[in-house]
2 protein chains.
Amino acid sequence: MVTLAEVARHAGVSASTVSYVLSGKRPISAATRLQVEQSIRELGYHPNAGARALASSRSNIIALMVPLRTDMYVPVMMEIAIAVATTARTHGYDVLLLTGEEGPEAVRRVTGSGLADAMILMDVELDDERLPLLRGTDQPSVLIGLPADTSGLTCVDLDFRATGALCVEHLAMLGHRDIAVIGEAPAVYERHTGFAERTLVGIRSRARELGLRVLHRPCEGGYEAMAAILTRILDERPGTSGFVVQNEQAVEPLLALLRRQGRAVPEDVSVVAICPEQVAVQASVRLTSVSIPAQEMGRQAVERLVAKIDGHATDEVLLIAPELTVRTSTGSAP
Amino acid sequence: MVTLAEVARHAGVSASTVSYVLSGKRPISAATRLQVEQSIRELGYHPNAGARALASSRSNIIALMVPLRTDMYVPVMMEIAIAVATTARTHGYDVLLLTGEEGPEAVRRVTGSGLADAMILMDVELDDERLPLLRGTDQPSVLIGLPADTSGLTCVDLDFRATGALCVEHLAMLGHRDIAVIGEAPAVYERHTGFAERTLVGIRSRARELGLRVLHRPCEGGYEAMAAILTRILDERPGTSGFVVQNEQAVEPLLALLRRQGRAVPEDVSVVAICPEQVAVQASVRLTSVSIPAQEMGRQAVERLVAKIDGHATDEVLLIAPELTVRTSTGSAP
DNA sequence: TTGAAAGCGCTAACAT
DNA sequence: ATGTTAGCGCTTTCAA
């Protein structure tokens, strides 16, 4: 293994000079810099991560805590994780993958050991048990998602309240009066995941303002669950002509069932989805949708985290504005 | 920050004693162990990861290189990644997430810096450019997937050749003579990803032995792509009565299109899928399938990697035997 | 612009 | 069964 000392010897300079060439923390003459860089290349030198971490008390690692729930839509999580990893690299950070399994304990382990300089938490619950620990440490962190109390926390998320409102407005504008919301799995609401509840709040309050009636039904996803729910909805509110779907697993089943019942989309029924763009585009009907900006969320989380690590202040909460893209699944109410 | 020295002082023992209590690498009397453990708890001590890595030249980190392709089925990747992370934790390792973006360079960076003790590579291509680097280093590694030349490498994968054969056998036994294979996206074949090609080899060779005719069509997934391909297949071989699908994105479109054409599953047409169990079960028809053992692959990869780190020999290649589960999408040929 | 040297917190011989 | 101590490879003062 090649050490910094060997590079120094080979280049005919001191160890500190090599170190400073690497870090750029003090001026180096062009000549020595070139010499050192050449030695580094010739010897194939790579700084030792452990030594660096020990001496500088910075690991250049960001911890990313991903949930291991089966009821969340996995591709979104993955897209965020990948965006986090690639953005982190552009700032010189690597990403440590923590699964939710360890829970709050993982937070302690990572902060305590100096394994990571900072952390990003995904899938935050309204009253998340990891939050007290985060508030109690000086380790920078960013949440993807919004807890009930955001004081002292930095959060990044899609503005789901506005998203819900936007979907309702679109349907209202098209003349729909009775709308149904196909939501996430019941467990998602039970554990009070912020985004699901906020969407609902946005939907309900705008619906009230605009005088629409709303039926909300959580849904496990899949054909059977969706079939049962659809039947119930149409029994309770036969006049329902607009659907808002916030559950990727329910999208295709819903479309198939409507078709089977002879309800044409968008002539008889309109469907707005809250889902990744890919799902909206690849569905059997191109869906009018508000897309979930997974990449943007991952990127923003890292940018904010890096700013915090570097001691720059950041806004406490970033809510990304939703954008509704009209495709072919919505039209005027019958 | 609490250091080992402080714990030692607090417990009235030497630093090495504390270290040995932690590592268990030498016998400690019950009395001192208890005392030390209590001091650790009282002071809230966590060993510093950097110092530990420097002194022991072991980081207790495993690097996991995931592809960032959009044409692979993401949930499987995620499931593997999570299985890797949780299994790694049970062995005392954390997982560093590397995206494919950096390519071979990442291998060099991680091995050179001692950031990770070992690495797992996913989505290996038949002639992967990262392999020379792996062979040239003494850092333990395990591949998930099978390259063309496995010499000197440890690999874990589903036996896709046997998987292909198994699907054909099942259809042959039911009397089907003309079968069509709906494959992965063309790009997957173009980059010579091992699993897709091996499946095809398994299908073709068994089909030849059993006297079946096979049509293979790569498919991007989605309704439009699937529609075009299905039309072509039924034009070319109107007698096609068995389908093997190895593309999660094409499963539902295929089923919907068959339905629309009035071809009943399984009465008129049989469909076998190669996909995660969840997809097979949640589809609009419960699919006869060979499931992709994502968890098992992740787990096995870690077990083998840890064995290698500890200097134990491991079999070069582990091919997990496929299991075909009969559900309701296959039946006797018409 | 550069060098010398003191740690960073831990592990693992070597002693006892 | 426990203590002493010499590093591990790097960063960063302090000096020049």
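Just so we're clear, the structure is a prediction, and the values are computed from it rather than from any experiment. The sequence lines fix the lettering, A, B, ..., with proteins before strands; numbering per chain opens at 1. Every heavy atom of this structure was used, including side-chain atoms; hydrogens, water molecules and symmetry mates were not.
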B:R52 CZ to C:dA12 P, straight-line distance once rounded to whole Å: 10 Å

Whether B:K308 side chain and B:S141 backbone form a donor-acceptor pair below 3.5 Å: yes

Terminal axis angle for the helix from C:dT1-D:dA16 to C:dT16-D:dA1, five pairs an end, nearest 10 degrees: 30°

Check: B:R58 main-chain N/O paired with B:S56 side-chain donor or acceptor under 3.5 Å: yes

Nearest-Å distance for atom pair CZ/P, residues B:R26 and C:dA15: 14 Å

Qualifying residues under side chain to side chain contact (heavy atoms under 4.5 Å, CB included), relative to B:P104, sequence neighbours excluded: B:E129, B:R130, B:L133

Sugar-phosphate only, base, or nothing, as touched by A:S19 at under 4.0 Å among non-hydrogen atoms: base

Under 4.0 angstrom between A:S14 side-chain N/O and C:dT2 OP1 or OP2: no

Protein-nucleotides 5-7 of chain C N/O pairs closer than 3.5 Å?
none

If you look only at distance, which donor and acceptor atoms sit under 3.5 Å apart when one is on a side chain in residues 75-88 of chain A and the other is two or more places apart or in another chain?
from, atom 1, to, atom 2, distance (Å)
A:T86, OG1, A:I82, O, 3.2
A:T86, OG1, A:A83, O, 3.2
A:T87, OG1, A:A83, O, 2.7

Length of the CZ-P vector between A:R58 and C:dC8, whole Å: 19 Å

Any residue meeting side chain to side chain donor-acceptor pair (under 3.5 Å) with A:S16, in chain and number order, not counting sequence neighbours: A:S14

All side chain to side chain donor-acceptor pair (under 3.5 Å) counterparts of B:R135, not counting sequence neighbours: none

A:E6 bridged to A:R9 by N-O distance under 4.0 Å: no

salt_bridge(B:R89, A:E101) N-O dist < 4.0 Å: no

Residues forming a side chain to side chain donor-acceptor pair (under 3.5 Å) with A:E303, sequence neighbours excluded: A:H91

A:D117 side chain to A:S59 backbone, donor-acceptor under 3.5 Å: yes

Near-strand residues of residues 31-49 of chain A, defined as heavy-atom separation under 4.0 angstrom from DNA chain C: A:T32

For B:I28, side chain to side chain contact (heavy atoms under 4.5 Å, CB included) partners two or more places apart: B:T17, B:Y20, B:V21, B:T32, B:R33

Sugar-phosphate, base or nothing in reach of B:I28, heavy atoms under 4.0 Å: sugar-phosphate

Presence of salt bridge, B:D159 and B:R198, under 4.0 angstrom: no

Side chain to side chain donor-acceptor pair (under 3.5 Å) involving B:T111 - partner list, sequence neighbours excluded: none

Length of the CG-C1' vector between B:L54 and C:dT11, whole Å: 10 Å

Whole-Å distance separating the CZ atom of B:R9 from the P atom of C:dC10: 12 Å

5' priority, DNA chain D, between B:S29 and B:S56 [closest heavy atom]: B:S29

5' precedence on DNA chain D between A:Y20 and A:M1 (nearest-nucleotide basis): A:M1

Outermost nucleotides of DNA chain D that come under 4.0 Å of a non-hydrogen atom of chain B: D:dA1 to D:dG9

Summary of side chain to side chain donor-acceptor pair (under 3.5 Å) pairs that have at least one residue in residues 40-51 of chain B, sequence neighbours excluded: B:H10-B:E42, B:Q38-B:E42

